Amino acid sequence: MSTIAPRQAPRMHFIDGLRAVAMIAVLLCHANLYAGISHIWVHVGGHDVNLANVLQSGHLGVNLFLLLSGFCLYWPFVKGGGRAEPTLAQYAYRRCRRILPPYYVTLAIFGGLGLLQAVTHHQIFHRQLTIHYMEAWLAWHAVMAHNLSPAHVVALDAPLWSLALEFQLYVLFPIFVEAYRRWNKHGVLLLVLALSSLYRAAIPPAVLAVDPLNGFVLMYSVFGRCFEFALGMYVAYVLSRWPQGEKSPLRPVDYVLGAAVIAGGIWRGHVFTDAAWGVVFAALVLAASRASGPIGRFLSQPFLVRMGIFSYSVYLIHQPIIMGVGGKLAGHHLSNVALWAIVIGVLLPALIGIGYVYHLLFEKPFMSTKKPNVASTTASETAGAKTPAVSEAETAPALNSR
């Protein structure tokens, strides 16, 4: 890796706000799914809309999280400053230190519960488990390769599949950095899009329909999802050249490329859909970066910023809890309105609270010790310095599961 010189500056709070919004969408999606809420009708513009169907789109948080991950890691490279670039060994150590301790605690908790079920035959998870299976589950997850195994990719704690994807993208990150540095950035981004799309197009549709787990492993591998990460890096580059109050540095080719990817998502869904949503979220990040705009002001609200900071912990533990509670709620044959009230008023606040405690115990000790003033420092205050920073808290991999 070549020269990097990040410098200290006010945090970009809208990044944490985006992460919080994505986290809430994921929680609502999974709570709706496992509680068995089939319909929640709302009247919008003279039409009845089934909100339950809308909530299922919460899985798109993975697209936003991948984009933000690429953005946050690449931001220091495009801003410059006074510190020397870390070596590859230092980079690997910092990434592992940031994500692995709370991740391995999660493995110990849910892996231990799985082993307990296998030994005692008491139903803890909603499937039969054997000691041999749990040993393999722990081994695949320990080496961050479980997204390559159909038998383990979404078992017990499904969202963990995306941690393996994130880890593999970290391995590719130095390659993307050098490529962006040495060659035309548009050309690099187009090449990543082309290679990723060709890979996805080569997966037979029959595999996706007949063998969903194998299709999941193939479609959502690092080769199928690297475009969003690379696009996030490109957004960081664009934003570094767009001080507050100045004209956007985007060129016509950016708009043409974005429109083409979105059109591709409409035309060939399984090939381009994730890339198309990546473009949509790239536009959202750029819009949110404008401190004077309503999106930026909303996403910089202190309550969203704080939730975004510990969203990784919520992500790690939420799904098994939702499955257990949601399954019991669904078994009581409550009305959809009652289920919805319990989800919004009890389950979601409880998950956020548990996630915060988990963050304090197992995540915060491995984060930056610098404490941001979330109430006063917003994106608008970075206009003079023109160097808003992304802290360690903002580079946490808080991805959701499909």
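Please read all numbers here as calculations on a predicted model, not as lab measurements.
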Asker: Would a 4.5 Å heavy-atom cut-off, applied to side chains only, mark Cys226 and Phe176 as touching?
Answerer: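 Counting from C-beta outward, Cys226 and Phe176 do come under 4.5 Å.
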
Asker: Quick check: does any side chain N or O of Asp254 sit under 3.5 Å from a backbone N or O of Arg251, one acting as donor and the other as acceptor?
Answerer: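 Looks like yes, one N/O pair under 3.5 Å.
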
Asker: Output yes when a side-chain donor or acceptor of Ser196 lies under 3.5 Å from a complementary backbone atom of Val192, and no otherwise.
Answerer: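 No: the side chain of Ser196 does not pair with the backbone of Val192.
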
Asker: Would you name the heavy atoms of Ile24 and Leu304 that are closest together and state the gap between them?
Answerer: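 Closest pair (atom of Ile24, atom of Leu304, distance): CD1-CD2, 4.5 Å.
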
Asker: Find the distance between SG (Cys96) and CE (Met144) and round it off to the nearest 0.5 Å.
Answerer: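 Reported to 0.5 Å precision, the distance equals 8.0 Å.
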
Asker: OG/Ser311 to CD1/Ile352 distance, rounded to the nearest 0.5 angstrom?
Answerer: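 Spacing of OG (Ser311) from CD1 (Ile352) equals 10.5 Å.
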
Asker: Apply ring pair (Phe, Tyr, Trp, His ring centres under 6.0 Å) to Tyr133 and His152, showing your working.
Answerer: CA-CA 9 Å; Tyr133 177 85; His152 305 94; 4.9 Å; yes

Asker: Please check if the side chain of Tyr180 supplies one atom and the backbone of Ala230 the other of a donor-acceptor pair under 3.5 Å.
Answerer: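 It does hold such a pair.
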
Asker: Which distance, rounded to the nearest 0.5 Å, do you find between the OH of Tyr220 and the CH2 of Trp161?
Answerer: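 The OH atom of Tyr220 sits 7.5 Å away from the CH2 atom of Trp161.
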
Asker: Per the salt bridge (Lys or Arg N to Asp or Glu O under 4.0 Å) rule, what does the pair list look like for residues 200-217, sequence neighbours excluded?
Answerer: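 Of all non-adjacent pairs touching residues 200-217, those that pass salt bridge (Lys or Arg N to Asp or Glu O under 4.0 Å) are Arg200-Asp274.
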
Asker: Where do Phe110 and Leu316 come nearest, in terms of heavy atoms and distance?
Answerer: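 Where Phe110 meets Leu316 most closely, the heavy atoms are CE1-O, 4.1 Å.
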
Asker: Do Arg95 and Leu73 pass the side chain to side chain contact (heavy atoms under 4.5 Å, CB included) test, and can you show the C-alpha distance, the side-chain angles, and the key distance before you say yes or no?
Answerer: CA-CA 10 Å; Arg95 289 293 84 212; Leu73 286 183; 3.8 Å; yes

Asker: Could you check whether the rings of Tyr315 and His318 sit parallel, tilted or perpendicular, using 30° and 60° as the cut-offs?
Answerer: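 It falls in the tilted class, 30° to 60°.
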
Asker: Short question: side chain of Gln117, backbone of Arg127 - any donor-acceptor pair under 3.5 Å?
Answerer: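 At least one qualifying donor-acceptor pair exists.
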
Asker: Please, which pairs that meet salt bridge (Lys or Arg N to Asp or Glu O under 4.0 Å) have at least one residue in residues 277-289, sequence neighbours excluded?
Answerer: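 Pairs touching residues 277-289 that pass the test: none.
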
Asker: Kindly give the heavy-atom pair with the smallest separation between Leu231 and Ala282, and that separation in Å.
Answerer: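 Looking at all heavy atoms of both residues, the closest pair is CD2-CB, 4.0 Å.
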
Asker: Taking all non-hydrogen atoms of both residues, which atom of Ile295 and which atom of Leu284 are closest, and how far apart?
Answerer: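 What the structure gives for the nearest pair is CG2-CD1, 4.1 Å.
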
Asker: Give the intermediate values and the outcome of side-chain hydrogen bond (donor to acceptor under 3.5 Å, both in side chains) for residues His186 and Tyr234.
Answerer: CA-CA 9 Å; His186 285 107; Tyr234 182 77; 2.8 Å; yes

Asker: How about Phe173 and Phe77: are their ring centroids closer than 6.0 Å?
Answerer: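 Between Phe77 and Phe173, which both carry aromatic rings, the centre distance is below 6.0 Å.
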
Asker: Any chance you could measure Tyr312, atom OH, to Met367, atom CE, to the nearest 0.5 Å?
Answerer: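 Separation between the atoms: 11.5 Å.
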
Asker: So, are Arg19 and Asp16 salt-bridged, with charged N and O less than 4.0 Å apart?
Answerer: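 Judged by the 4.0 Å cut-off on N to carboxylate O distance, Arg19 and Asp16 do form a salt bridge.
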
Asker: Report the relative orientation of the aromatic rings in His141 and His146; use parallel for angles under 30°, tilted for 30 to 60°, perpendicular for over 60°.
Answerer: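 Answer is parallel, since the angle falls under 30°.
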
Asker: For Gln56 and Asn32, indicate whether the former's side chain and the latter's backbone hold a donor-acceptor pair under 3.5 Å.
Answerer: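 A pair under 3.5 Å: no.
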
Asker: Do other residues, nucleotides or ligands put more than 12 heavy atoms under 6.0 Å from Tyr199 OH?
Answerer: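 More than 12 within 6.0 Å, yes.
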
Asker: For the backbone of Ile322 and the side chain of His30, can you confirm whether one donor and one acceptor N or O come within less than 3.5 Å of each other?
Answerer: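 No, because the side chain of His30 does not come within donor-acceptor range (under 3.5 Å) of the backbone of Ile322.
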
